[in-house]
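Take a look at the structure below.
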Amino acid sequence: TQLLEQSPQFLSIQEGENLTVYCNSSSVFSSLQWYRQEPGEGPVLLVTVVTGGEVKKLKRLTFQFGDARKDSSLHITAAQPGDTGLYLCAGRKNYGQNFVFGPGTRLSVLP
Amino acid sequence: GAVVSQHPSWVICKSGTSVKIECRSLDFQATTMFWYRQFPKQSLMLMATSNEGSKATYEQGVEKDKFLINHASLTLSTLTVTSAHPEDSSFYICSARLAGRGNEQFFGPGTRLTVL
């Protein structure tokens, strides 16, 4: 069983639409990260959240860490084709442990 | 800053041969490096954690004699796939963690291995 679940698994939308993807677990995490990975490349870190209820914004991307630190969401406003990629969340239960990756949400933004 | 490189970016080899993949942190010292494997349209699966100057820690189900990891310096870790078979074909990605900055790990661009 996956420690982290991500939904939806796939998402295909038109340019300009808004979307939200989710990362859920039954475990509590000390920190959670979101990455974007493009085909044939390594993942690129987008954000790290550590406080329950924390909201971080990165241009059109808004990240939220659940109050109980078991889940997180990523909201993209006015999606663009450049947002296309695999979005991965990764969680760590305790400082010093390795991050565990979720299965990812594959996003396709059509022009 | 915090750039990680991998070499080669892709490799094709015959079944039974061994392949070495290098992971370098270009502008920082990495006490810990990680090796991941990613199959098409799947997530990253951690294979092993490599600490400079000590033996790597392998995840359950990963054969340490098949996937040899050496972390001889603070800027270089190598993964050698020994006696490669077609089922070893995958995208191998390394990452490096900044000493003293435990939350951050930086990923290399990956190496695509195809075993014929």
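Per chain, numbering begins at 1; letters A, B, ... match sequence-line order.
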Is it the case that one hydrophobic cluster holds both A:Leu61 and A:Phe65, taking links as side-chain heavy atoms less than 4.5 Å apart, direct or via other members?
-> yes
Residue part contacting chain B, namely of A:Gln37, when any heavy atom lies under 4.5 Å | side chain
Report yes or no: do A:Tyr87 and A:Tyr22 belong to one cluster of Ile/Leu/Val/Met/Phe/Trp/Tyr joined by side chain heavy-atom distances under 4.5 Å?
-> no
So how far is it from A:Leu88 CG to B:Leu44 CG, rounded to the nearest 0.5 Å?
-> 6.0 Å
Is it true that A:Leu58 and A:Leu74 fall in one hydrophobic cluster, defined by side-chain heavy atoms closer than 4.5 Å?
-> yes
Apply the test ring pair (Phe, Tyr, Trp, His ring centres under 6.0 Å) to residues A:Phe99 and B:Phe34: give CA-CA distance (whole Å), side-chain angles for both, the deciding distance (0.1 Å), then the verdict.
-> CA-CA 10 Å; A:Phe99 279 89; B:Phe34 304 90; 8.9 Å; no
When clusters are formed by joining ILVMFWY residues with side-chain heavy atoms under 4.5 Å apart, either directly or through shared neighbours, do A:Leu11 and A:Trp34 land in the same one?
-> yes
Within a radius of less than 6.0 Å around NE2 of B:His7, do more than 12 heavy atoms belonging to other residues, nucleotides or ligands occur?
-> no
Ring center gap for B:Tyr36 and A:Phe101 short of 6.0 angstrom = yes
Residue part contacting chain A, namely of B:Gln38, when any heavy atom lies under 4.5 Å = side chain
Is it the backbone or the side chain of B:Ile93 that comes under 4.5 Å from a heavy atom of chain A, or both, or neither?
-> side chain
Taking every heavy atom of B:Gln42 against every heavy atom of A:Leu86, the minimum-distance pair comes out as O-CD2, 4.2 Å
Donor-acceptor pair, side chain of B:Ser43 and main chain of A:Gly104, under 3.5 angstrom | no
Shared hydrophobic cluster for B:Phe67 and B:Val11 (ILVMFWY, side-chain gaps under 4.5 Å) = yes
